[in-house]
Student: 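Quick one: the structure is below, questions incoming.
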Amino acid sequence: MTTLSRKITSDMMDPTFETTLKNRLGEKGEKIPLCFQCGVCSGSCPVVFAMDYTPRQIMELIKLGVKELVLNSSTIWLCAACYSCSVRCPQGVDLKQVMETLKEIAIEDPKYSRDEKTFYEKFIDVVKKNGRMDEVALYVKLMPKSTVMRNLGFGFKLYQKGKINLRPVRSNAAGDVAKMFENVLSEEVQKQ
Ligand code: SF4
Ligand code: SF4
């Protein structure tokens, strides 16, 4: 976490950012301007300790139009979608939904790139393909080949102790999960 001490420059700004976000959120976006910076969201967030900006600070940055800091923050990727902020906000801001929409905007633009975003995308790839998480497949997707090769011996020891499964892990419901992803994506396309 940090205070907003970083110098904000004009190239980080997009005066239309709050409006764009509001429009994308539709009815749920109408409450964004009502945020009065009480900090209840930050006080309720179980993962705030790991975020670079607190949920309250993200709201402040949105209102200031500092798009670069918001979309490059770890906060949007670390949000656990627990809804604590949304149910407690005295102004009715659905901050969980704001975080989801910020993620969508960051995914659409490759210039916003950070490790948490890569992890998120690869995680979804594995679940989409296998119908469930496969830790070994995720590790191989995330790590450079040289690191995977260097750790082969350690991986084999973990396998011998039954800690990891070296065979691809695939759920019987993989087809249904893939269909679910397809349905959600086609709904998103129709909304645009
Ligand atoms: S709880 Fe609501 S009003 Fe308070 S800072 Fe968070 S978003 Fe703004
Ligand atoms: S929904 Fe996200 S931002 Fe809100 S309290 Fe939960 S983890 Fe924190």
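Values below: every heavy atom of this structure, side chains too, minus hydrogens, waters and symmetry copies. Nothing fancy with the numbering, it's 1 onward along the sequence. In listed order, ligands and their atoms are each counted from 1.
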Student: Check this for me, if you would: do K117 and E104 make a salt bridge, where the nitrogen-to-carboxylate-oxygen distance has to be below 4.0 angstrom?
Tutor: no
Student: Under 4.0 Å from any heavy atom of Y83, which atoms of ligand 2 are there?
Tutor: 1 (S), 6 (Fe)
Student: Is it true that K63 and E60 make a salt bridge, defined as a side-chain N closer than 4.0 Å to a carboxylate O?
Tutor: no
Student: What's the shortest distance from atom 6 (Fe) of ligand 2 to any protein heavy atom, and which residue and atom give it?
Tutor: C82 SG, 2.3 Å
Student: At a 4.0 Å cut-off, with the gap strictly under it, does some heavy atom of G39 reach an atom of ligand 1?
Tutor: yes
Student: Does N172, at its CG atom, have more than 12 non-hydrogen atoms belonging to other residues, nucleotides or ligands within less than 6.0 Å?
Tutor: no
Student: If the cut-off is 2.8 Å, does any N/O/S atom of C89 fall short of it from atom 6 (Fe) of ligand 1?
Tutor: no
Student: Name the closest protein heavy atom to atom 1 (S) of ligand 1, giving the residue it belongs to and the distance to 0.1 Å.
Tutor: C41 N, 3.3 Å
Student: Could you tell me, atom by atom, which parts of ligand 1 come under 4.0 Å of a heavy atom of F36?
Tutor: 3 (S)
Student: Nearest to atom 8 (Fe) of ligand 2, what protein heavy atom do you find, and at what distance?
Tutor: C45 SG, 2.4 Å
Student: Report yes or no: does C85 have an N/O/S atom closer than 2.8 Å to atom 8 (Fe) of ligand 2?
Tutor: no
Student: Among protein heavy atoms, which lies nearest atom 2 (Fe) of ligand 2, and at what distance?
Tutor: C79 SG, 2.3 Å
Student: Does any N, O or S atom in C35 come within less than 2.8 Å of atom 8 (Fe) of ligand 1?
Tutor: yes
Student: Is the number of heavy atoms from other residues, nucleotides or ligands within 6.0 Å of CD (E27) greater than 12?
Tutor: no
Student: Salt bridge check: are K111 and E68 linked by an N-O gap of less than 4.0 Å?
Tutor: yes
Student: For atom 4 (Fe) of ligand 1, which protein heavy atom lies nearest, and how many Å away is it?
Tutor: C38 SG, 2.3 Å
Student: Give me the nearest non-hydrogen protein atom to atom 7 (S) of ligand 2 as residue plus atom name, then the distance to 0.1 Å.
Tutor: A80 N, 3.1 Å
Student: Applying a 4.0 Å heavy-atom criterion (strictly less than), which segment of V47 is in contact with ligand 2: side chain, backbone, both, or neither?
Tutor: side chain
Student: Please identify which atoms of ligand 2 are closer than 4.0 Å to at least one heavy atom of K96.
Tutor: 1 (S)
Student: Decide if atom CZ of F154 counts as having more than 12 heavy atoms of other residues, nucleotides or ligands within a radius under 6.0 Å.
Tutor: no
Student: Flag the pair K22 and E18 as a salt bridge only when some basic side-chain nitrogen lies within less than 4.0 angstrom of an acidic carboxylate oxygen.
Tutor: no
Student: Should K67 and D11 count as an ion pair when the cut-off is N to O under 4.0 Å?
Tutor: no
Student: Identify the heavy atoms of P110 and S113 that sit nearest to each other, and give their distance.
Tutor: O-CB, 3.9 Å
Student: Need the ligand 1 atom indices (1-based, order shown) with element for anything under 4.0 Å from a heavy-atom of V40.
Tutor: 1 (S)
Student: Measure the shortest side-chain to side-chain distance between V184 and F181 over non-hydrogen atoms and say whether it is less than 4.5 angstrom.
Tutor: no
